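The structure appears right after this line, and notes come after that.
Sequence lines set the chain letters: A, B, ... in the order given, protein chains first and strands last, and positions in each chain run from 1. Note that the structure is a prediction, hence the values are computed from the model and not measured.
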Number of protein chains: 2
Amino acid sequence: MAVESSGATRKRPSMDDVAAEAGVSKAAVSKVIRNAYGVSPAMREKVESAIESLGYRPSISARSMRGSSFTVGFEIPQLANDFFTQVMQGAADELAGSGYQLIIAPAVGEVKGAPVLDALVDRRVDGIVAISPEVSPGWLERLGSSVPLVLLGRHDAAAHYDTVTNDDARGAQMVMEHLFGLGHRRIAHVTVGGSAEVPEDLLPHTIRRKTYAEAMAARGFVPAVTTSGPLEPEGYAAGLKLLSASVLPTAIFAGNDTLAIGALRARAELGLSAFDVSIVGYDNIDLASHPMMSLTTVDQFGRQSGSTAIKLLLERITAGRTQAVHEMIAPELRVRESTRPVTVASR
Amino acid sequence: MAVESSGATRKRPSMDDVAAEAGVSKAAVSKVIRNAYGVSPAMREKVESAIESLGYRPSISARSMRGSSFTVGFEIPQLANDFFTQVMQGAADELAGSGYQLIIAPAVGEVKGAPVLDALVDRRVDGIVAISPEVSPGWLERLGSSVPLVLLGRHDAAAHYDTVTNDDARGAQMVMEHLFGLGHRRIAHVTVGGSAEVPEDLLPHTIRRKTYAEAMAARGFVPAVTTSGPLEPEGYAAGLKLLSASVLPTAIFAGNDTLAIGALRARAELGLSAFDVSIVGYDNIDLASHPMMSLTTVDQFGRQSGSTAIKLLLERITAGRTQAVHEMIAPELRVRESTRPVTVASR
DNA sequence: ATGAAAGCGCTAACAG
DNA sequence: CTGTTAGCGCTTTCAT
């Protein structure tokens, strides 16, 4: 009787319809779907079968006007980056089965992070995980005081949001020691341009760059920094420029694996190999371990970062934690074949 | 006066607050933010400055209860696949500046497509783009009759949703001709398992597999199909199995590039090269053109598919089109170095 | 051109 | 344990 099979598009049933079908009040239905306290087994039974037979699904829009949306937003600055993909996977896996739905909002083209974060808040997500290298700490503090917020890849000593990051200084230091140990002196660095909004020492790329420059200076070598966009083709362009110069670097430390893959592309295209110029990345994306790529890099445990971020967020959402937590993951160097001892010829 | 700088978290302003601040009615404010007909310049001016000074942002949840949510949902079955990333990029770029926000909902782990599509509808998105190889045509027809819907990678002759796909039979045919032309006879195929819910001839992977099997049979060769999961490690496992057998295939046609990269990993790890066994993929992800990978594959223009899907969706959303459109993109073979003429030794 | 009022589908007191 | 009653912040008739 509740089942109609007419072809017409019928309005989706509301809570009122369920209440009517079950012969109970709206409030009762609400309690059942929320597993709230105070429903008799009989009531639950009636309501559930009404829900079933009507195919009722609660409107999240309506729910979120009073209660929660059971939705977690994840803002990313870029789609074409396997490291971010890895992080998102960790987050998605961690969130699975929690009753919350993950929605990913990419900041694409000219749109920086803040408008996307706003868009998420406008949609009343219960919490936000973000990778937002473009947004100022002040702006984030304000956001964090009105919605549970976890930032990935930020070294902010924030009061109103959590952070999950890796020790970029340590990671970059390991890279430099590795290269120095191989005898390299003319080491170039490719970095991703930061934002004027954000202090230098808060962002992975600027910390890596700074660590690089200091390590070079400490040995009396001349730092050579190339600023690049974040995409593989841009890493390729940077690599092409460096490897077409009159005097080549013996090694390139790319700010991340995506750029390193681009640099490898340039190196291979110019007929060069690891014996001519070493290349190091940062992130340890899955591709880095591929034997045909074999990229020396720094593992910063993307999946784990993603899942940690969700854990922290859920603490804020469900347990109501309000004190900020800042997690720092210890990075590990992965030495592979893209780096070689410097040769006599190239020295 | 409207600007307060207390540290306390103040409630975000509602339309009522704006109306009060501007000294007009709620309805007037609503008209202004919707650019609706019938607002005097003076009114618009007053309202806009009130919005500005209060930092007002409309609640999408509330709006979507009567009107629209200005949100487009994109469901994907997998995060770790560069082809999907490419498609999403095309979609994101096409949607940029349209006033709609893109939200991506991944179907992760055990969760198949349908629950995620439901979650999107529960959140009242204005339209959905989906890559859902697991959902039956009937289910999709029902969904499509209640919300604008575009499916990628489906060959369904659907009445209530649009499709954007490539000619998989043609693409697979080109692969087989290429391999036959190089003298290959023992060609193995790695496919992604389909769903019992969906007829064989509607899905890219099953069409490619069928085309492969027919092409082999037509030449009197024995088809050898390995079914695999969709992840790179699974492609690797399949490759490892095939390449550790007592009699090796001379070529492997992988169902997509992700699997092919996995197969390449196995090949390289076993100390084999294209001279021993050729490997072909399908998709032409960016990595395929990398000189260190150089994967022969079929270009199915992911970015273009994504942008086409959004165009079609917007036609349904804004222009109210209701007649289904089915777009088929012509694939192109990209011959690279992962395939070689069969050698005397391996023949 | 503007505003008052009803209502979208739900949750949250509060009564009974 | 159950139902009634207000809203949540918008959009939408319908008057004015």
Side-chain angles (χ1 to χ4, degrees), chain A residues 10-48 50-51 54-71 99 118-119 121-126 146-147, chain B residues 10-48 50-51 54-71 99 118-119 121-126 146-147:
Chain A
R10 238 168 3 284
K11 198 177 74 45
R12 71 159 33 204
S14 76
M15 185 173 274
D16 274 310
D17 302 324
V18 176
E21 171 84 10
V24 301
S25 76
K26 233 175 22 173
V29 178
S30 173
K31 279 177 187 157
V32 169
I33 69 172
R34 282 177 299 129
N35 276 313
Y37 188 79
V39 267
S40 68
M43 158 112 320
R44 168 174 302 281
E45 158 66 25
K46 272 192 299 186
V47 170
E48 278 174 348
I51 287 178
L54 257 38
Y56 166 74
R57 298 186 58 92
S59 157
I60 297 290
S61 300
R63 294 185 86 165
S64 64
M65 293 201 63
R66 307 294 262 120
S68 27
S69 63
F70 306 101
T71 308
D118 272 335
V121 175
D122 295 345
R123 283 157 185 79
R124 296 294 181 271
V125 294
D126 292 337
S146 73
V147 58
Chain B
R10 239 168 4 282
K11 201 178 70 43
R12 70 155 39 201
S14 75
M15 187 173 271
D16 274 311
D17 301 324
V18 176
E21 171 82 10
V24 302
S25 76
K26 235 176 18 175
V29 177
S30 174
K31 281 178 187 155
V32 169
I33 69 173
R34 283 177 297 126
N35 277 313
Y37 189 79
V39 267
S40 68
M43 160 111 314
R44 168 173 302 280
E45 158 66 25
K46 272 192 298 187
V47 170
E48 278 174 348
I51 287 177
L54 291 178
Y56 166 75
R57 298 185 59 92
S59 156
I60 297 291
S61 301
R63 295 186 84 166
S64 64
M65 294 201 63
R66 309 295 254 116
S68 27
S69 64
F70 305 102
T71 309
D118 272 336
V121 175
D122 294 345
R123 283 158 184 76
R124 297 293 183 274
V125 295
D126 292 338
S146 73
V147 57

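- Residue A28(A) is classed as a sugar-phosphate contact, given heavy-atom separations below 4.0 Å to backbone atoms only.
- Between the CZ atom of R44(B) and the C1' atom of dT2(C) there is a distance of 14 Å, given to the nearest Å.
- In terms of position on DNA chain C, the residue among Y37(B) and A62(B) whose nearest nucleotide sits closer to the 5' end is Y37(B).
- Checked against dC8(D), dT4(D), dT12(D), the side chain of S25(A) finds its nearest nucleotide in dT4(D).
- Candidate nucleotides dA6(D), dG3(D), dG9(D) were compared by shortest atom distance to the side chain of R66(A), and dA6(D) ranks first.
- Residue D17(B) forms a side chain to side chain contact (heavy atoms under 4.5 Å, CB included) with just one option from V29(B), L54(B), I51(B), and that option is L54(B).
- Distance I60(A) CD1 to dC8(D) C1': 15 Å, rounded to the nearest Å.
- If you measure from atom CE of M65(A) to atom C1' of dG9(D), you get 4 Å, rounded to the nearest angstrom.
- One atom, CG of D16(B), and another, P of dA5(C), lie 13 Å apart when rounded to the nearest Å.
- Distance, I33(A) CD1 to dT11(C) C1': 9 Å, rounded to whole Å.
- The side chain of K31(A) lies closest to dT2(D), out of dG9(D), dA12(C), dT2(D).
- For P58(B), the listed nucleotide lying nearest its side chain is dC10(D); candidates were dC8(D), dT4(D), dC10(D).
- Residue contacts shown for G38(A) include a base, since a base heavy atom lies under 4.0 Å away.
- Among the nucleotides dC1(D), dT11(C), dT11(D), the one closest to the side chain of R63(A) is dT11(C).
- In this structure, NZ of K46(B) is placed 14 Å from P of dA1(C), rounded to the nearest angstrom.
- A donor-acceptor pair shorter than 3.5 Å cannot be found between the side chains of T71(A) and R123(A).
- Within the 3.5 Å criterion, the main-chain N or O of R57(B) finds a donor-acceptor partner in the side chain of R12(B).
- Here dT11(D) is the nucleotide among dG9(C), dT11(D), dA12(C) with the atom lying nearest to any side-chain atom of R34(B).
- Contacts of S30(B) with the nucleic acid, taken as non-hydrogen atoms under 4.0 Å apart, include base atoms.
- Residue S40(B) places at least one side-chain N or O closer than 4.0 Å to OP1 or OP2 of dT2(C).
- A side chain to side chain donor-acceptor pair (under 3.5 Å) with S61(A) is found for exactly one of S61(B), S59(B), S64(B), namely S64(B).
- Side-chain nitrogen and oxygen atoms of Y56(B) include at least one within less than 4.0 Å of the OP1 or OP2 phosphate oxygen of dC10(D).
- Relative to the side chain of M15(A), the nucleotides dC10(C), dG3(D), dT2(C) differ in distance, and dC10(C) lies closest.
- Put simply, CZ on R123(B) is 14 Å from P on dC10(C), counting in whole angstrom units.
- Scanning both residues, S25(B) and A19(B), for their nearest heavy atoms gives C-CB, 3.8 Å.
- Listed for the S69(A) side chain is a donor-acceptor partner under 3.5 Å among the backbone atoms of R124(A).
- Positionally, the nearest nucleotide of DNA chain D for V39(A) lies more toward the 5' end than for the other of V39(A) and K26(A).
- Nucleotide dC8(D) holds its P atom 13 Å from the CZ atom of R124(A), rounded to whole Å.
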